[in-house]
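The chain is numbered in sequence order, starting from 1. It should be emphasised that the depicted structure is a prediction, and the values quoted were computed from it without experimental measurement.
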Amino acid sequence: MGSVPDFLYHPRMFRSRYLDYAELMRQLREWAERHPQFVRLTSLGTTAEGRDIPMLTVGRDPDDIRPAAWVDGNMHASELCGSSAALAIAEDMIKLHLGDPPPALPAHMIEALKDTLFYVVPRISPDGAEAVMKTGRYIRSSPVDARCNKGHAYWEAHDVDGDGRMGYMRVACDDGEVVELAGFPGVMVPRTPEDAPPYYKLYPEGRIVNFDGRRIPDPYFLSDNQYDFNRNFPYQWAPEPEQAGAGHYPGSAIETRAILDFTAKHPEIFAWINFHTFGGVFIRPLGDKPDHKMDQADLAVFRQVEAWAKEFTGYPTVSGFHEFLYEPETPLKGDLTDYAYHQRGAFAYAVELWDIFRQIGAEPKKPFVDNYTHLERKDFIALAKWDREVNQGRVFRKWRKVRHPQLGEVEVGGLDLLVGISNPPFEKLAEVCAQQSAAFLRVAALAPRVSIEVVKRDVLGPHLTRLELRIVNRGYLGTYGPSSAKKLPHVEPLRLTAECEGGMQLGAPTAMPIEIGHLDGWGQGLYSGMSIFAPWTRGNVHEKFVTLVAEGKGKLTVKVGSCRTGHRTLVVEI
């Protein structure tokens with residue numbers, strides 16, 4: 001590690017503060033260098049500004065393909081906590097392989113996790129996150145703006161007061177829509193009919209491109225940065241203006257295309273967690289249809305995920321369609337978890353980390369998405385008090401007067417969303433990370449676990465040996481993953497092949513491969529299995545038997561599996 005100070009490699013640094021790109025890469029390299037037997041560091045691709053999109057593969061024999069869990073975070077630039085949560089899961093799996101598993105994890109789940117690969121992409125938006133951390137400007141995902149239509153007036157981030165940060169500006173206006181909350185400098189709230197002046201307009205700290213000296217354009221969260229990565233995936237993708245942030249075409253952003261390229265070549269991914277902030281909620285499929293149109297076997301497994309979410313994080317779980325549409329009956333297009341669930345056949349869901357609404361005592365709303373917009377004056381007061389008393393005043397700053405080159409006198413300051421709203425305070429970060437890891441490791445332990453064994457061996461004559469083989473799935477999930485994934489081309493059934501060495505040959509069967517088909521797991525989710533009125537289980541749908549007859553002496557190598565599950569090999573000496 002050369003002359004780099006040891007504190008930069010402290011394995012828990014990301015649990016107490018947010019890492020910039022250099023610190024993030026140092027942590028990942030340190031893990032890969034110290035634990036090459038079960039850690040690989042690779043790059044999914046290179047961003048527009050030349051940064052690697054790092055991916056950590058964690059698992060026993062990490063180059064051996066088998067059922068895998070995907071973890072990603074920070075696809076939205078300001079949502080830094082997603083990186084920390086992803087790193088926490090990676091660290092907990094590294095410790096598990098070192099013989100120090102997380103507390104309260106049952107031994108059989110630990111064994112299942114040892115057989116599971118983890119693909120961890122802690123920062124999908126390295127360029128955007130770096131810009132947010134270093135300048136404070138608003139970026140949804142990437143600083144890139146490759147749009148041709150730039151002849152209109154629009155806001156562009158700019159450091160008006162020269163303090164190195166880009167936040168917000170307010171301008172006094174008799175017709176303004178906001179007022180300052182009495183007793184709480186820096187806190188701007190929607191104006192009500194009863195509010196006395198002064199009134200204000202609220203804008204991003206910046207300047208107006210193509211300004212004609214009169215018309216001030218509406219601030220728009222994608223005014224000077226083009227992409228929302230979570231609208232650039234192929235499932236039901238729709239272009240602008242139908243879907244803001246969609247990009248030119250699915251995968252047109254370098255970062256999303258890198259994920260598509262990798263996951264298209266890795267059908268073994270059966271579980272997928274997509275970390276966002278903020279709100280404190282698990283968002284599961286379906287995103288575009290009501291629950292009664294969902295595969296009910298999948299829904300039962302998601303109910304199990306919901307139980308763990310509640311137990312270990314306290315967060316509720318909601319349907320994307322029922323409780324997380326920004327506009328009624330208008331599903332989001334090009335969403336990552338929709339792609340992962342519908343097109344890659346993974347149990348996929350998003351987590352909005354950091355339950356700020358619960359922290360300030362706001363009354364829960366239904367649908368959940370209304371928590372973000374249906375805030376009353378008392379909620380703003382509670383938030384301001386919480387920021388002052390718990391968050392060390394990181395969110396609300398006092399306003400400072402400055403001369404704007406286009407608008408004249410303005411005030412700069414107000415909100416700094418990064419620590420306290422967009423992400424939890426540093427003091428809460430370790431708790432958030434631990435909760436998410438405890439919940440997701442249990443989901444990852446549901447992996448299918450295929451094995452092959454000899455259950456009977458008979459000598460039929462001086463040169464004939466009959467072997468009865470058992471192919472069994474000891475995992476919770478079937479070899480297909482979600483029930484709905486069975487129809488996907490890459491969710492192949494199991495097949496068995498046998499090869500002879502040393503002069504031996506296979507007498508029966510003579511045709512290879514042998515079709516095994518899919519094997520169910522033992523799990524059925526919550527509320528879909530045994531009933532008090534019908535207390536019986538299924539038959540042996542988790543196993544198949546194959547009989548082979550070998551002629552002569554030598555070595556028989558039997559391999560069973562698929563691109564979905566990877567392959568298991570059994571060598572028999574005869």
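- Looking only at side-chain heavy atoms (C-beta outward), Ile269 and Thr263 come within less than 4.5 Å of each other.
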Go through it in stages, so that I can follow the logic: the residues are Asp145 and Asn225, the test is side chain to side chain donor-acceptor pair (under 3.5 Å), and I'd like the CA-CA distance, side-chain angles, deciding distance and then a yes or no. CA-CA 5 Å; Asp145 187 358; Asn225 58 107; over 6 Å; no

Quick one, Val58 with His97, criterion side chain to side chain contact (heavy atoms under 4.5 Å, CB included). Give me CA distance, side-chain angles, the key distance, then yes/no. CA-CA 9 Å; Val58 182; His97 285 289; 4.2 Å; yes

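- Around atom NZ of Lys289, more than 12 heavy atoms belonging to other residues, nucleotides or ligands sit under 6.0 Å away.
- Between Gln436 atom CD and Leu353 atom CG the span is 5.0 Å, to the nearest 0.5 Å.
- Between Phe262 and Tyr119, the distance from one ring center to the other falls under 6.0 angstrom.
- A donor and an acceptor atom, one from each side chain of Asn232 and Thr256, are located under 3.5 Å apart.
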Please tabulate, for side-chain N and O atoms in residues 304-318, each donor-acceptor pair with protein atoms closer than 3.5 Å (sequence neighbours left out).
{"unit_1": "Thr313", "atom_1": "OG1", "unit_2": "Ala309", "atom_2": "O", "d": "2.5"}
{"unit_1": "Thr313", "atom_1": "OG1", "unit_2": "Tyr315", "atom_2": "N", "d": "3.0"}
{"unit_1": "Tyr315", "atom_1": "OH", "unit_2": "Trp354", "atom_2": "N", "d": "2.9"}

Between Arg66 and Thr116, is a side chain to side chain contact (heavy atoms under 4.5 Å, CB included) present by the stated rule, with each step listed? CA-CA 7 Å; Arg66 55 192 184 277; Thr116 304; over 6 Å; no

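- In terms of heavy atoms, Gly45 sits closest to Ser43 at O-OG, 2.9 Å.
- Between Tyr349 and Tyr341, a ring centre-to-centre spacing not shorter than 6.0 Å is recorded.
- Heavy atoms only, all atoms of each residue included: Ala246 and Ala238 are closest at CB-O, 3.0 Å.
- The heavy-atom pair separating Trp155 from Asp218 by the smallest distance is CD1-O, 4.0 Å.
- Interatomic distance, Asp52 CG to Leu44 CG, rounded to the nearest 0.5 Å: 9.5 Å.
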Counting only pairs under 3.5 Å, give me each side-chain donor-acceptor contact of residues 272-282, with atom names and distances, residues two or more places apart or in other chains.
{"unit_1": "Trp272", "atom_1": "NE1", "unit_2": "Asp72", "atom_2": "OD2", "d": "2.9"}
{"unit_1": "Asn274", "atom_1": "OD1", "unit_2": "His276", "atom_2": "NE2", "d": "2.6"}
{"unit_1": "Asn274", "atom_1": "ND2", "unit_2": "Asp72", "atom_2": "OD1", "d": "2.5"}
{"unit_1": "His276", "atom_1": "ND1", "unit_2": "His76", "atom_2": "ND1", "d": "3.3"}
{"unit_1": "His276", "atom_1": "ND1", "unit_2": "Glu79", "atom_2": "OE1", "d": "3.2"}
{"unit_1": "Thr277", "atom_1": "OG1", "unit_2": "Ser422", "atom_2": "O", "d": "2.4"}

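- Side-chain contact between Leu299 and Arg303 is present, with at least one heavy-atom pair separated by less than 4.5 Å.
- In summary, of the residues considered (Ile356, Val395, Asn391), a side chain to side chain contact (heavy atoms under 4.5 Å, CB included) with Leu383 occurs for Ile356 alone.
- Using a 3.5 Å distance cut-off with no hydrogens or angles, the side chains of Ser484 and Asp298 do pair a donor with an acceptor.
- Every residue two or more places apart in sequence or in another chain that forms a ring-ring contact (aromatic ring centres under 6.0 Å, His included) with Tyr339 is listed here: Phe233.
- The structure places OG1 of Thr337 at 11.5 Å from CZ of Arg284, a figure rounded to the nearest 0.5 Å.
- A salt bridge between Asp115 and Arg60 is present, with a side-chain N of the basic residue lying under 4.0 Å from a carboxylate O of the acidic one.
- Taking the ring centroids of Phe426 and Tyr18, they lie under the 6.0 Å cut-off.
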Would you check, one step at a time, whether the test ring-ring contact (aromatic ring centres under 6.0 Å, His included) holds for Phe270 with Tyr480? CA-CA 8 Å; Phe270 75 94; Tyr480 39 80; over 10 Å; no

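- Judged purely by distance below 3.5 Å, without hydrogens or angles, the side chains of Tyr476 and Gln524 never pair a donor atom with an acceptor atom.
- Residues Phe302 and Pro285 meet the side-chain proximity criterion, which asks for heavy atoms closer than 4.5 Å.
- Proximity of Val121 to Ile259: side-chain heavy atoms (C-beta onward) are nowhere separated by under 4.5 Å.
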Carefully, step by step, assess Arg15 and Asp92 under the rule salt bridge (charged side-chain N to carboxylate O under 4.0 Å, His left out). CA-CA 12 Å; Arg15 297 180 190 255; Asp92 286 349; 3.1 Å; yes

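- A salt bridge between Glu323 and Lys366 is present, with a side-chain N of the basic residue lying under 4.0 Å from a carboxylate O of the acidic one.
- Between atom NE2 of residue His292 and atom CG of residue Leu286 there is a gap of 10.0 Å, rounded to the nearest 0.5 Å.
- Between the side chains of Tyr227 and Ser252, a donor-acceptor pair is found at a separation under 3.5 Å.
- Using a 4.5 Å heavy-atom cutoff, the side chains of Tyr326 and Tyr372 are not in contact.
- Here the side chains of Thr330 and Leu325 are not in contact, with every heavy-atom distance at 4.5 Å or above.
- Counting non-hydrogen atoms of neighbouring residues, nucleotides and ligands closer than 6.0 angstrom, the NZ atom of Lys95 exceeds 12 such neighbours.
- In this structure the side chain of Arg449 reaches within 4.5 angstrom of the side chain of Glu111, judged on heavy atoms.
- Counting all heavy atoms, side chain and backbone alike, Pro143 lies closest to Asp127 at CD-CB, 3.7 Å.
- Put simply, the side chain of Asp338 does not reach to within 4.5 Å of the side chain of Gln236, judged on heavy atoms.
- Shown here are the side-chain hydrogen bond (donor to acceptor under 3.5 Å, both in side chains) partners of Gln435, two or more places apart in sequence or in another chain: Glu431.
- Looking at residues two or more places apart in sequence or on another chain, you find no side-chain hydrogen bond (donor to acceptor under 3.5 Å, both in side chains) involving Tyr168.
- A salt bridge does not link Lys293 to Asp288: none of the charged side-chain nitrogens sits closer than 4.0 Å to a carboxylate oxygen.
- Here Asn423 pairs with nothing under the side-chain hydrogen bond (donor to acceptor under 3.5 Å, both in side chains) rule; sequence neighbours left out.
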After noting the C-alpha distance and the side-chain angles of Arg231 and Arg140, does the key distance pass the side chain to side chain contact (heavy atoms under 4.5 Å, CB included) rule? CA-CA 11 Å; Arg231 309 292 181 264; Arg140 182 61 167 167; 4.2 Å; yes

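- A salt bridge links Glu427 and Arg394; the closest N-O separation between the charged side-chain nitrogens and carboxylate oxygens is under 4.0 Å.
- Of all the heavy atoms in Gly481 and Phe347, the pair that sits closest is C-CE1, 3.9 Å.
- Listed here is the closest heavy atom pair of Val187 and Ala384: CG2-CB, 3.9 Å.
- Remark: the Gln226 side chain and the His248 side chain contain an N/O donor-acceptor pair separated by less than 3.5 Å.
- A donor-acceptor contact closer than 3.5 angstrom is absent between the side chains of Thr479 and Arg564.
- For the atom pair OH of Tyr235 and CG of Leu332, the computed distance is 12.5 Å after rounding to the nearest 0.5 Å.
- Atom OG of Ser83 is separated from atom CD of Gln27 by 12.0 Å, given to the nearest 0.5 angstrom.
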If you apply the rule side chain to side chain contact (heavy atoms under 4.5 Å, CB included), what do you find for Ile94 with Val39, and how did you get there? CA-CA 8 Å; Ile94 291 170; Val39 179; 3.9 Å; yes

